Amino acid sequence: MNYISTRGGVAPQQFSDILLGGLMADGGLSIPESYPQLTQADLESMAPLNYRDLAFAVISRFVDDIPADDLKALIEKTYTSEVYCNGRSKNQASHITPLIKLDNNLYIQELSNGPTLAFKDMAMQLLGNLFEYVLDKKGEQINILGATSGDTGSAAEYAMRGKRGVNVFMLSPFGKMSPFQRAQMFSLQDENIFNLSVHGFFDACQDIVKDVNKDAEFKAKYKIGAVNSINWGRIVAQVVYYFKGYFAMILASGKKVGDKVDFCVPSGNFGNICAGHIARQMGLPIGQLIVATNENDVLDEFFKTGGYHPRGLDRTYETTSPSMDITKASNLERFVFDLIGRDAERLAAMWKSVETGSGFELTADEFATMRDRYGFKSEASNHADRIAHIREVFEKYGVQVDPHTADGFKAAKAHRNPAVPMVIMETALPAKFEDTMQEALKQAPFRPKGLAGLEALPQRFDAIEADAALIKQYLVERIK
Ligand SMILES: Cc1ncc(COP(=O)(O)O)c(C=O)c1O
Ligand SMILES: N[C@@H](CCOP(=O)(O)O)C(=O)O
């Protein structure tokens, strides 16, 4: 399968190349030339598969430059109940992403049972194994430059620590992550892990990652790669759990393969829900895709008005769902590329306007298509909503949900059709956000064994200004 750039300025590439390259050379994002199409018979044959077999059935349709047996072995090594063991129920661990029933036709899909307690582990663990395999084959090394608002960073570091030929340089917003998130990243003492705490918001960190990647000479010389969801490897691995959630929901609700299921997804960089869009494009019968945001509601504005206008610092907020404190959503570029009929020239002009801070408006037809054909809806939450919904889910259903998933619960309620099954994606475990959970429930959230005392471990990081030149210098001094 060939991959092209959303901005049209790069010759088609193979999976292994875009995996190591991350951002495309023209600043665009990689996307398959066309999406694999599944028939009803394909879907029916996938329905009974376990997570590993389903992952192979989905991912192998996007990867044809890794021998099938090798890809299968990498997937089998990744999706085990030992790796995804941090969920509420040990009996459910083999399902990897089990469902929790809240109500008739209303379920939560647990995506956060991996080593760092966030949905990022679903793709990042596979990415770590893929990187190691491809680097070995090519005899190359990689220096990953990443940006995190709290969860990508630790997921990447846990997946890459000690991996041959890989260094990780992770930019995070100084003082804006939860104490647990900070401790998870900064307590790692591995030699190949470097944490840079940047004075600014996540958006500034992500802009620096993109700036550094656009410097072709620097990128080639220092072998810069990406683990954020700008890397297609992240997205394709995330597509799998929509299939898993769909089939599990069909079974749980007594429906049949082919009936529609709605998904509601707490969103920031639009990577998680973009994978839902891809699953639908392949033929998975998804009804609505509901985008849940926090007070940084640029995506909610987009899906309600068709206008996409990234915010300045004066309208970027520190919130109690901090991993979604993002106002420039990278992966929206992949969705809009499809929405505007894959017109790369127009897409490049639209994103130029995003990069200069002004943004763009969809036409009336595109806006209608986005909502009617692609099924996108949205809702925003604030702190009071979040606290109320954490409480409501606990009091009504006895389930503790983290602040991001609570934002999802609000959005799901707003758009729910009780006759249609709805899956809310759980994007983190509550233990990562203890202060907010305490405020809502007056009790500490459950914490997986082995993570007691995490915040007391010694921490190691370097504070740095939000300046691409300084960060390049930092890398140069440490890359051997
Ligand atoms: C806990 C949590 N929820 C939601 C999100 C938003 O996901 P995405 O950026 O893929 O939209 C993130 C980070 O991205 C996250 O860490
Ligand atoms: N919320 C993320 C931000 C980065 O998102 P990504 O999916 O593009 O890696 C985080 O927690 O770091």
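Every number for a ligand or one of its atoms is a count from 1 in the order of the listing. Computed from a prediction, not measured in an experiment: that's the story for all the values here.
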Next item on the list: Could you tell me the residue and atom name of the protein heavy atom closest to atom 12 (C) of ligand 1, and the distance to it rounded to 0.1 Å?
Entry: Phe119 CE2, 3.6 Å
Next item on the list: Run the contact test for Pro266 against ligand 1 with a 4.0 Å cut-off on heavy atoms, strictly below, and give the result.
Entry: yes
Next item on the list: Could you check atom 16 (O) of ligand 1 against the protein and tell me its nearest heavy-atom contact, residue, atom and distance included?
Entry: Asp151 OD2, 2.4 Å
Notebook entry, point to check: Considering only protein heavy atoms, which is closest to atom 10 (C) of ligand 2, and at what distance to one decimal place?
Noted result: Ser149 OG, 3.1 Å
Item checked: Shortest protein contact, atom 9 (O) of ligand 1 (heavy atom only) -> Asn269 N, 2.7 Å
Notebook entry, point to check: Of the backbone atoms (N, CA, C, O) and the side-chain heavy atoms from C-beta on, which set of Arg234 has a member under 4.0 Å from an atom of ligand 2: side chain, backbone, both, or neither?
Noted result: side chain
Check: Would you call the rings of Phe303 and Phe335 parallel, tilted or perpendicular if under 30° counts as parallel and over 60° as perpendicular?
Finding: tilted
Margin query: With a cutoff of 4.0 Å, is Lys120 in contact with ligand 1, counting heavy atoms of the residue only?
Written below: yes
Checklist line | Polar proximity ligand 1 side, Asn272 side, N/O cut 3.5 Å exclusive | finding: yes
Next item on the list: Could you tell me the residue and atom name of the protein heavy atom closest to atom 5 (O) of ligand 2, and the distance to it rounded to 0.1 Å?
Entry: Lys120 NZ, 3.3 Å
Notebook entry, point to check: Mind checking whether Gly268 has an N or O less than 3.5 Å away from an N or O of ligand 1?
Noted result: yes
Next item on the list: Taking the side chain as every heavy atom from C-beta outward, state whether Phe360 and His309 have any atom pair closer than 4.5 Å.
Entry: no
Check: Between the candidates Asn231, Thr152, Thr427, Ile326, which shows the shortest non-hydrogen contact distance to atom 9 (O) of ligand 2?
Finding: Thr152
Next item on the list: Evaluate the ring pair (Phe, Tyr, Trp, His ring centres under 6.0 Å) criterion for residues Phe15 and Phe62: first the C-alpha distance (whole Å), next the side-chain angles of each, then the deciding distance (0.1 Å), finally the verdict.
Entry: CA-CA 8 Å; Phe15 177 80; Phe62 290 92; 8.9 Å; no
Note to self: Is the ring pair Tyr51/Tyr79 parallel, tilted or perpendicular, if the boundaries are 30 and 60 degrees?
What the structure shows: tilted
